[in-house]
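This report refers to the structure that appears directly beneath it.
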Amino acid sequence: MNTDTTNSDGIRTDGTDASTPPHRYTAAVAQDIELRWQAWWQEHGTFETPNPAGPLAEPEALEQRGEKLFVLDMFPYPSGTGLHVGHPLGFIGTDVYSRYQRMTGRNVLYTMGFDAFGLPAEQFAVQTGQHPAITTDQNVANMRRQLRRLGLSHDPRRSISTTDPDYYRWTQWIFGQIFDSWYDAHEQRARPIAELVEAFESGSRPTPDGRAWSELTPDEQHDAIDGHRLAYVSDAPVNWCPGLGTVVANEEVTADGRSDRGNFPVFTRTMRQWMMRITAYADRLIDDLDLLDWTDAIKTMQRNWIGRSTGANVHFDTPAGRLTVFTTRPDTLFGASFMVLAPEHPLVDALTTPDHASTVADYRRTAGAKKDVDRQDESREKTGVPTGSSAVNPVTGHEIPIWIADYVLMGYGTGAIMAVPCGDQRDFEFARRFGLAIPAIQRPPDSWFERHGIEPTLDTTAWPEAFVGDAPYVNSANDSLDLTEVTEVAEGVRLTNEWLEAHGNGAATVTYKLRDWLFSRQRYWGEPFPIVYDANGRPHLLPDEQLPVVLPDTDSFSPRTFDPDDEFSNPESPLDRLDAWVDVELDLGDGPTRYRRDTNVMPQWAGSCWYELRYLDPTNDEAFVDPDVERYWMGPRTDVRPDHPGGVDLYVGGVEHAVLHLLYARFWHKVLYDLGHVSSKEPYARLFNQGYILADAYQDTRGIYVDAFAVTERDGEFFHDGQPVTREWGKMGKSLKNAVSPDEMYEQYGADTLRLYEMAMGPLDASRPWEARDVVGMYRFLQRLWRAVIDEHTGAITVVDTPADPDTRRLLHRTIDAVATEMAALRFNTAIAKLIELNNHVTKLDATPREVAEPMVLMLAPLVPHVAEELWCRLGHTDTVTYERFPAADPELLVDDTVEYPVQVNGKVRGRITVHADADAATVEALALADDKVVAAIGGAAPKKVIVVPGRMVNVVV
RNA sequence: GCGGGCGUGGCGGAACUGGCAGACGCGCGGGCCUUAGGAGCCCGUUCCGGAAGGAGUGAGGGUUCGAGUCCCUCCGCCCGCACCA
């Protein structure tokens, strides 16, 4: 390691010079301390955490630790460019928290592994010809080194990588568990496929076509089972991305119809792909959010993504047969004056009359050519054409025309709607545009008319918009259903639903926006599926003893990519080309048979769906996790809350995973729970979203980012290379050319200063700008701390064994009290402020009493572990601070003998009085009214009222 | 448009259930130490004012003895969703 802190001009870069005292806390000293302690921790296995069972079981060690605590960072991707100072913000936060909790006696599980499959390594491999496994191993090694240099207190034995066959063996095993399960809608849980077969055999569950199970051919049985699996192959509309050469999940498509990686166009195509039946869990994924300690923002995003709507399916008779629509407002059925189908709806052809055939065909062609991007231009007017057919409104018996229009989406509900123009703004606009009838079925309240400046009327030609809300129904009665007396939507819905069910015209139902999860990718660098296909193309799961299916070696890693706009290209997976690997002869119970391997790989999300479970028991080769180990670390904490779901105690990461990773991981966890493999219902009991570190980024006139560190400012304008550039605010990163490397910080200040700065600059959940010049404040603080304990000239310890004076002692205990509270609440910025105050006070003393120095070092240990270890050691201790008890405040010292009360007159502070702490309100009031300044402010008037807030203040009202 | 969040010094940010606004850090000003200061230390620093004093938490209104904090209206910024029937 290079410890020379001079640059090529011989100028020191660490702020020291020849006159710097030899034992000052400088960057060089910090580096020496940090590297020494990092080596010591590793040598002594300081952060190794005992398990109750399995390969890492250490019952005696466990006995000595207190309650368990599982602290987790979101799984990082080992990027080839290494870390910048923005990355470790959350990592430092979890490290400080973990270290603090260890000092309160908790048995803390804290480690970090790597989500190492994925596109960047593969793309790098394609460019360089180097195998992604090599690149990935290098990147992982580099990142481990960088994390160690930060002083993170990870248990190194538990660090895993998704690309390790010993890991993905279990990813494949879990896939097999999901494949081998079906969702019992009645019991609301996943069950093994074997139990489905039993139910079919016994007849307790009817087969798809009603015949006896024994009458079905083996192929028919196979198909019946496959149709129920939680992981299934399906010909379904998927998002095909020619630019990436693969299909992607709905969650990976941005609002403007492009891939979130690479920003290529995405086309909807029907293809044969693996799907995960996440929709079966839609209700539980929504309902169990209530059990989680997550922010409302994230919960709301998940609820919106799942998009549960309750309403009814309603059947309409048409010339092409029954047409079913979904509506959230069945109560408005009397107002349905036309119907609209999505242009892609399968009944469109059958419903189109010859005289409308050409306009319908034209419209469908235009709508089809329009990508989702164009379809959602906000201001655009509604378009559509009539099919020429009509349907019968089941409550009115009226014939209503059927249109097609692209404001109705095939992907939601049934792809068809009943249009109620008086009660739905979109239908209202459409009806107005095309002159369709708008019958009124509710009488809006007078206030509604008043707001729109019109007289109350049921003549909707006078209405400026649709009315949505509770109001009495009108024109809403037939022989068997009458809503006339009803005034609330909920009641109208209830009565209509009853009627629909009684008359066979529909039923109450629930619809979700959530679609099943597209799970296959035509890529190389991912987990192979543990699946082979027989001669009939039916999938078979490989038995556990054949796992892992190791990713075959090749030097051709690239999927075939296409012109990003070539919608009609077809995916070609890299594994397809490996004939020798693809064709296998196996005995899966029916004698040796030839099979074809599945040539897809799993999406990157697969490995991160269960990694926290592997941290618990990373070396177990009998099970993905020992059940006792899982129960210990993640079991429900019913002692904390009766409905506690279990899971990780604290999960820290960015908001960008709000719907992707967090939804997928919850789904997998629930499947494992249903199958009895884990005791926790949810993977992450508490989620904390850390902010980002932002930095100025600069673009030149071409919109290209320029090196942010070469930009100069003149009169509020910014220049790069003499050319004007514009400043913007962005996340720190390589692409914005504004990344600051932690190595620069180590060289100038050391890792402890960097840690302290990142924690002090603001609350952990807030994004904040990186200000390189501010870092020095925390460096100075550590220098003052050092100087309070050690003589800068001799290196000798200067603490004295004489007792602290009462003021200092009181301040110490107040600080202990505050710091403990703030650390437990993840408010490290305010904890640091309190510690600086204490240290600033100590600095002014003639000598630092050991009585203060030791607790101060202990309190700082979670934040700046290296300098704390060093000082702790120099103070005469022989073991690590890691498991020392965090100081406890003496409650007696938290209360002062006397209290200073500000005295307000009419709400303004006019004087101050000092009163004995146990003085009663009358005494305080008397003293306040006697104060000279207060007397002057009152000016002789008689006080109307005197408010005394005990321990706080006095307010005199005149 | 809908949903969520946020507006406090020159800057990052403090302020527990309504109770002394601006903790702590940066920067800035002054001083010390120095051949030197881009190191370190000490003092000061919301604004106006010489001071006494006054004003002040995006704007306006309200509740209260008392509002950064609670309520209403508006303005601005950020995030998510986006014709979801």
Side-chain angles (χ1 to χ4, degrees), chain A residues 11-21 24 26 255-256 295-301 303-305 307-309 311 325-329 332 340 342 372 375-378 380 382 405-409 411-420 423-427 429-430 511-513 655-656 658-659 729 756-757 760-763 766-781 783-784 787 792 818 821 827 829-837 840 843-844 900-909 912 943-947 949 951-958:
Chain A
I11 303 211
R12 287 179 178 252
T13 54
D14 67 346
T16 64
D17 66 23
S19 70
T20 302
R24 173 165 293 173
T26 59
D256 50 357
T295 62
D296 286 337
I298 297 274
K299 289 187 185 183
T300 305
M301 282 189 234
R303 284 194 193 100
N304 290 345
W305 187 264
R308 177 163 65 189
S309 312
V325 304
F326 173 73
T327 176
T328 56
R329 292 290 303 276
T332 62
V340 187
D372 293 348
R375 267 204 181 191
Q376 63 188 27
D377 177 12
E378 311 169 11
R380 102 181 214 282
K382 294 219 166 7
D406 65 7
Y407 83 91
V408 175
L409 309 173
Y412 185 75
T414 62
I417 61 159
M418 62 177 212
V420 182
D424 181 288
Q425 187 57 24
R426 294 157 301 181
D427 299 344
E429 286 166 17
F430 193 79
T511 304
Y512 306 89
K513 256 167 70 181
V655 283
E656 73 272 21
V659 287
W729 213 218
L756 201 54
Y757 171 63
M761 66 201 288
S767 291
R768 47 319 237 317
W770 177 263
E771 291 290 355
R773 65 181 190 187
D774 289 4
V775 180
V776 71
M778 293 303 114
Y779 182 58
R780 288 178 191 151
F781 164 49
Q783 289 187 328
R784 290 196 298 276
R787 200 157 38 229
E792 287 190 332
T821 307
R827 289 192 294 261
N829 53 329
T830 47
I832 292 167
K834 301 286 181 198
L835 286 162
I836 292 174
E837 283 183 272
N840 286 351
T843 305
K844 293 183 180 71
E900 189 187 65
Y901 280 78
V903 183
Q904 298 182 338
V905 176
N906 290 339
K908 290 201 184 294
V909 179
R912 288 168 197 284
K944 272 193 226 144
K945 196 170 175 184
V946 179
I947 293 125
V949 184
R952 284 272 178 202
M953 44 109 51
V954 181
N955 190 10
V956 182
V957 186
V958 293

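Values below: every heavy atom of this structure, side chains too, minus hydrogens, waters and symmetry copies. Reminder, nothing fancy here: chain letters follow the sequence lines and each chain counts from 1.
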Integer angstrom distance from the C1' of B/rG49 to that of B/rA55: 11 Å

All salt bridge (Lys or Arg N to Asp or Glu O under 4.0 Å) counterparts of A/Glu429, not counting sequence neighbours: A/Lys382

A/Ser309: partners by side chain to side chain donor-acceptor pair (under 3.5 Å), with sequence neighbours left out: A/Tyr412

Nucleotide B/rA14, atom C1' - distance to CG of A/Leu835 in whole Å: 15 Å

Syn-anti status, with the boundary at 90° from 0, for the nucleotide B/rG9: syn

Given RNA chain B, 5'-ward residue of the pair A/Asp296 and A/Arg912, judged by closest heavy atom: A/Asp296

B/rG76 versus B/rA82 - spacing of their P atoms, nearest Å: 25 Å

Pairwise P distance for B/rC79 and B/rG30, with rounding to whole Å: 41 Å

Residues in side chain to side chain donor-acceptor pair (under 3.5 Å) contact with A/Asp296, at least two apart in sequence or another chain: none

Residues in salt bridge (Lys or Arg N to Asp or Glu O under 4.0 Å) contact with A/Arg784, at least two apart in sequence or another chain: none

Close N/O contacts between protein and nucleotides 62-69 of chain B (under 3.5 Å):
{"unit_1": "B/rC65", "atom_1": "O2'", "unit_2": "A/Asn955", "atom_2": "ND2", "d": "3.3"}
{"unit_1": "B/rC65", "atom_1": "O2", "unit_2": "A/Asn955", "atom_2": "ND2", "d": "2.6"}

Distance, rounded to the nearest Å, where A/Tyr412 contributes OH and B/rA82 contributes P: 13 Å

Residues that A/Arg329 engages under salt bridge (Lys or Arg N to Asp or Glu O under 4.0 Å), provided they are two or more places apart: A/Asp331

5' priority, RNA chain B, between A/Trp305 and A/Ile417 [closest heavy atom]: A/Trp305

Phosphate contact (B/rC84 OP1 or OP2) by A/Arg303 side-chain N/O below 4.0 Å: no

Under 4.0 angstrom between A/Ser309 side-chain N/O and B/rA85 OP1 or OP2: yes

Distance-only donor-acceptor test, A/Lys834 side-chain atoms vs B/rC24 base atoms, 3.5 Å: no

A/Arg780 side chain, from C-beta outward: closest of B/rC26, B/rG19, B/rA23: B/rC26

A/Glu837: side-chain contact (heavy atoms from CB on, under 4.5 Å) partners, not counting sequence neighbours: A/Lys834

For A/Glu900, all residues meeting salt bridge (Lys or Arg N to Asp or Glu O under 4.0 Å), sequence neighbours excluded: A/Arg912

Per A/Thr830 side chain, nearest of listed nucleotides B/rC83, B/rG25, B/rA14: B/rA14

Point-to-point distance, once rounded to the nearest 0.5 Å, from CG of A/Leu835 to OG1 of A/Thr830: 10.0 Å

Phosphate-side-chain proximity, A/Asn840 and B/rA23, N/O vs OP1/OP2 below 4.0 Å: no

Integer angstrom distance from the C1' of B/rA67 to that of B/rA52: 28 Å

Range-with-range stems of RNA chain B (Watson-Crick or G-U pairs under 3.5 Å, three or more in a row): B:1-7 with B:75-81, B:10-12 with B:24-26, B:27-32 with B:40-45, B:46-48 with B:53-55, B:58-62 with B:70-74

Heavy-atom pair of closest approach, residues A/Pro902 and A/Val909: CB-CG1, 4.2 Å

B/rC2 and B/rC47, which share atom name C1', separated by this distance in whole Å: 41 Å

Counterpart residues, side-chain contact (heavy atoms from CB on, under 4.5 Å), relative to A/Val655 (two or more places apart): A/Ile298, A/Asn689, A/Tyr692

A/Glu837, nearest nucleotide to its side chain (from B/rC41, B/rG80, B/rC24): B/rC24

Distance between C1' atoms of B/rC83 and B/rC75 (Å, rounded): 29 Å

Under 3.5 Å between N/O atoms: give me all the protein pairs with nucleotides 11-13 of chain B, atom names plus distance.
{"unit_1": "B/rG12", "atom_1": "O2'", "unit_2": "A/Met761", "atom_2": "O", "d": "2.8"}

For A/Arg308, side-chain contact (heavy atoms from CB on, under 4.5 Å) partners two or more places apart: A/Asp283, A/Ile286, A/Asp287, A/Val510, A/Tyr512

Student check: side-chain heavy atoms of A/Tyr407 and A/Ile417 closer than 4.5 Å: yes

Span that lies between the P atom of B/rU45 and that of B/rA39, in whole angstrom: 23 Å

Test item: A/Tyr779 side-chain N/O and A/Tyr757 main-chain N/O as donor-acceptor pair under 3.5 Å: no

P gap between B/rA59 and B/rG9, integer Å: 10 Å

B/rG25 phosphate, OP1 or OP2, under 4.0 Å from A/Arg784 side-chain N/O: yes

Side-chain N or O of A/Arg787 closer than 4.0 Å to phosphate OP1/OP2 of B/rC41: yes

